[in-house]
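Remarks on the structure that follows.
Numbering of ligands and ligand atoms starts at 1, following listing order. When reading the values below, keep in mind they use all heavy atoms of this one structure, side chains included, and skip hydrogens, waters and symmetry mates.
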Amino acid sequence: MRLRFTKMHGLGNDFVVIDAVRQSVDLTPERVRRLADRHFGIGCDQLLVVEEATRPDVDFRYRIFNADGGEVEQCGNGARCFVRFVHEQGLTAKREIRVETRSGIIAPRLEDDGLVTVDMGVPVLEAARVPFVSDSDAVVQPLQVGDASVAITAVSMGNPHAVQVVADVDAAPVAAQGALIERHPRFPARVNAGFVQLVDAHRIRLRVFERGAGETLACGTGACAAVVTVILRELAQSPVRVETRGGELDIAWGGPGQPVLMTGPAVTVFAGEIDID
Ligand SMILES: N[C@H](CCC[C@H](N)C(=O)O)C(=O)O
């Protein structure tokens, strides 16, 4: 199958973006893994597929696949790239679009300064809906991770996140502990593991070991989940600037029941074609 693609990134969280509106695409988990492979394929953290809307109240459908081949519910850095892509490709003249994802509708908007703002929807805090196996919906809950007991906040941005506060993200055991948390039995759909360091009431540092991709340079939904966490724990106030290894995101959240707004960059790197069997 010959495939036209565009390579993009949001703060170094990188994507292969595929237009499935103007080309027919048949993606299997194996094909996704091959396309995402940084040695045998193109290489990316996630693969984003642009499809025609399946309902009248949205402009497009947005499908997201992790590098491990699994399809997931949401991708924040990808949402910013999505709107830049459909605009650059002439698929829409709108600067703000409504996009249907597996976990609901998001609304990315191209700003005049070149950044992109996305209404990422309302965070889910009920454990059963994250999903997180627990008899409590408490904001902070203990989680046994190997020999350590860590205090996490379980929150869904459509996709599941387990967020902990650490003294120094650079020293945090992201690789070892992140891998254990990702596959922890209390997260039946697996989970993205966030590590947050407080800088001040409006600034945090964040690293995320992503479900299905490992540590990435930035995670948009992870930044949203981290801001929800530090605000719920009364450690910070909105808006919060999130420093990731790939750069900075600005997140605003008005509290439970309110949507999370994320603002940051989206960059097109190159376009190409690939033959994949
Ligand atoms: N690994 C995530 C999907 C990508 C999210 C991330 N790249 C973002 O920017 O939100 C998951 O399995 O839920």
Side-chain angles (χ1 to χ4, degrees), residues 7-17 29 32-33 35-36 43-49 62-85 99 101-104 106-108 115-121 123-124 129-132 154-163 174-175 178-179 181-184 187-196 206-229 242-251 253 259-267:
K7 190 75 179 17
M8 301 184 77
H9 75 84
L11 300 176
N13 179 199
D14 67 335
F15 310 110
V16 167
V17 186
V32 171
R33 286 190 290 270
L35 290 168
C44 63
D45 294 325
Q46 280 87 31
L47 192 137
L48 312 180
V49 182
Y62 169 30
R63 296 179 70 188
I64 304 131
F65 298 85
N66 281 323
D68 70 357
E71 184 168 2
V72 292
E73 310 89 344
Q74 196 53 270
C75 177
N77 288 323
R80 300 197 310 276
C81 291
F82 189 103
V83 68
R84 169 137 0 268
F85 178 81
V99 183
T101 71
R102 271 187 146 185
S103 65
I106 56 172
L115 295 178
V116 183
T117 295
V118 191
D119 173 342
M120 291 297 295
V124 168
R129 293 176 57 208
V130 172
F132 173 47
V155 52
S156 172
M157 291 304 305
N159 59 345
H161 292 268
V163 185
V174 173
I181 295 172
E182 180 202 8
R183 295 179 177 279
H184 196 287
F187 288 96
R190 296 188 291 152
V191 71
N192 300 282
F195 299 77
V196 177
L206 174 68
R207 291 174 68 186
V208 180
F209 187 99
E210 287 199 31
R211 178 180 61 172
E215 183 176 5
T216 57
L217 292 178
C219 178
T221 52
C224 296
V227 169
V228 167
T229 295
V242 182
E243 294 176 16
T244 75
R245 294 190 138 180
E248 296 184 340
L249 283 170
D250 287 324
I251 310 285
W253 184 50
V260 181
L261 297 182
M262 168 185 65
T263 299
V267 176

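- For atom 7 (N) of ligand 1, the nearest non-hydrogen atom of the protein is Asn13 OD1, 2.8 Å.
- Between Glu182 and Arg211 there is no salt bridge, since no side-chain nitrogen of the basic residue lies less than 4.0 Å from a carboxylate oxygen of the acidic one.
- Between Ile64 and ligand 1, not a single N/O pair is under 3.5 Å apart.
- Using a 4.5 Å cut-off on side-chain heavy atoms (C-beta onward), Glu73 and Ser156 make no contact.
- Here the heavy atom of the protein found nearest to atom 1 (N) of ligand 1 is Glu210 OE1, 2.7 Å.
- Closest of all the heavy-atom pairs between Val72 and Asn66 is CG1-ND2, 3.2 Å.
- Side-chain contact of Asn77 with Gln46: a donor-acceptor pair under 3.5 Å is absent, judged by distance alone.
- The Asn77 neighbourhood of ligand 1 comprises atoms 8 (C), 9 (O), with distances under 4.0 Å to a heavy atom of that residue.
- Remark: ligand 1 atoms within the under-4.0 Å shell around heavy atoms of Asn66 are 1 (N), 2 (C), 3 (C), 11 (C), 12 (O).
- Here the closest non-hydrogen pair linking Met120 and Cys224 is CG-SG, 3.9 Å.
- The minimum heavy-atom distance linking Cys81 with Val267 is given by the pair SG-N, 4.4 Å.
- Arg80 places no side-chain N or O within 3.5 Å of a backbone atom of Met262 that could act as its donor or acceptor partner.
- Every atom of ligand 1 is numbered from 1 in the order shown, and the set under 4.0 Å from a heavy atom of Val72 is 3 (C), 12 (O).
- Atoms of ligand 1 lying under 4.0 Å from at least one heavy atom of Gly76, given by number and element, are 8 (C), 9 (O), 10 (O).
- The distance criterion of under 3.5 Å between nitrogen or oxygen atoms is not met by Gln74 with respect to ligand 1.
- Side chains of Glu210 and Thr216: a donor on one and an acceptor on the other come within 3.5 Å.
- Not close to ligand 1: Ala213, with no non-hydrogen atom less than 4.0 angstrom away.
- Where the criterion is an N or O separation shorter than 3.5 Å, residue side chain and backbone included, Phe15 fails it with respect to ligand 1.
- Interface of Asn192 with ligand 1, defined as ligand atoms under 4.0 Å from a residue heavy atom, comprises 1 (N), 2 (C), 11 (C), 12 (O), 13 (O).
- Residue-level proximity to ligand 1 for Thr216 is absent, since no heavy atom of it falls below 4.0 angstrom.
- With distances taken over non-hydrogen atoms, the option nearest atom 12 (O) of ligand 1 out of Arg211, Glu71, Met120 is Arg211.
- Looking only at protein heavy atoms, the nearest one to atom 9 (O) of ligand 1 is Gly220 N, 2.8 Å.
- When atom types are taken as modelled, the side chain of Asp45 and the backbone of Asp14 share a donor-acceptor pair closer than 3.5 angstrom.
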